[in-house]
Amino acid sequence: MTSITQNLQAVQHAIAQAAHTAERDPQKIKLLAVSKAFSTAAIREAYEAGQRLFGENYVQEALPKIEALSDLSIQWHFIGPIQSNKTRAIAKNFSWVHSVDSLKIAERLSAQRPDNLPPLNMCIQINTSGELSKSGINMEQVSELARAIAQLPRIKLRGLMTIPAFAASLEMQRIPFSQLREIKDSINTQGLTLDTLSMGMTHDLHAAVLEGATMVRVGTGIFGERHF
Ligand SMILES: *Cc1c(COP(=O)(O)O)cnc(C)c1O
């Protein structure tokens, strides 16, 4: 067994354990393998071990990998910062985008989503830590943005995403994740039907699952340390 295969099993096991603790159905928690900085060979190994959802952060890095792996049925997720001049490539090559934080970007993605593809699945990235250096919109602005995005014709608004500030303890890690869940629930009381909380990475996936994550984004835990 390769180490990627073993790592994948360990991450699946960690998700199942957290789900058990939270009395949640582990099937409701999808694993997104974050393959930035890793080769197509590493992605193939994970695929052969059963992994189907992969996430990339940089359009320029992702496009040749998507092309080289087009023989596999991978569902590609874009999770990195979005520049306006990259929206067309994202709209054309990805099934999901997790990192939208403005109506302008969402409108471009809707307008540029090819007609022969299903609507682009979208999450709004929220800055739960208030750090100015982090992308994502403030918690106060999210419900207005969600209502506007939900109107776009070629977009399916699925939910919310966050990358919290680093926290060492489980209790501190849970705070931003519980905030994200509360925001989602409050938006859904206003008539939307968000079903996705994209939260939790290698070091905080346990806390994220306890707080209701439906998709965890794991890179290091599957592929090892990144060396850019
Ligand atoms: C890199 C990255 C991840 C994965 O982080 P790990 O700590 O390696 O698990 C998850 N989400 C986003 C948005 C990332 O950029």
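Numbering of ligands and ligand atoms starts at 1, following listing order.
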Residues 198-205, side-chain donor-acceptor partners within the protein, below 3.5 Å, at least two apart:
residue, atom, partner, partner atom, Å
Ser198, OG, His98, ND1, 2.8
Ser198, OG, Arg217, NH1, 3.0
Thr202, OG1, Gly221, N, 3.1
Asp204, OD1, Met201, N, 2.6

* Sequence neighbours excluded - salt bridge (charged side-chain N to carboxylate O under 4.0 Å, His left out) pairs with any residue from residues 183-202 -> Arg158-Asp195
* With no hydrogens and no angle check, is any side-chain donor or acceptor of Arg24 less than 3.5 Å from a backbone partner on Ala213? -> yes
* Do Val218 and Leu8 share a hydrophobic cluster, counting only Ile, Leu, Val, Met, Phe, Trp and Tyr and linking them when any side-chain heavy atoms are less than 4.5 Å apart? -> yes
* For Ile175, which fellow cluster members are found when Ile, Leu, Val, Met, Phe, Trp and Tyr are connected by side-chain heavy-atom distances below 4.5 angstrom, either directly or through intermediates? -> Met172
* To do: Report the distance from atom CE of Met161 to atom CD1 of Ile79, rounding to the nearest 0.5 Å.
  => 6.0 Å
Below 3.5 Å only, please: the N or O atoms of ligand 1 paired with protein N or O atoms, distance on each line.
residue, atom, partner, partner atom, Å
ligand 1, 8 (O), Thr220, N, 2.8
ligand 1, 8 (O), Thr220, OG1, 2.5
ligand 1, 8 (O), Arg226, NH1, 2.8
ligand 1, 8 (O), Arg226, NH2, 3.2
ligand 1, 9 (O), Thr202, N, 3.1
ligand 1, 9 (O), Thr202, OG1, 2.4
ligand 1, 9 (O), Gly219, N, 2.9
ligand 1, 11 (N), Arg217, NE, 2.9
ligand 1, 15 (O), Lys36, NZ, 2.7
ligand 1, 15 (O), Asn57, ND2, 2.6

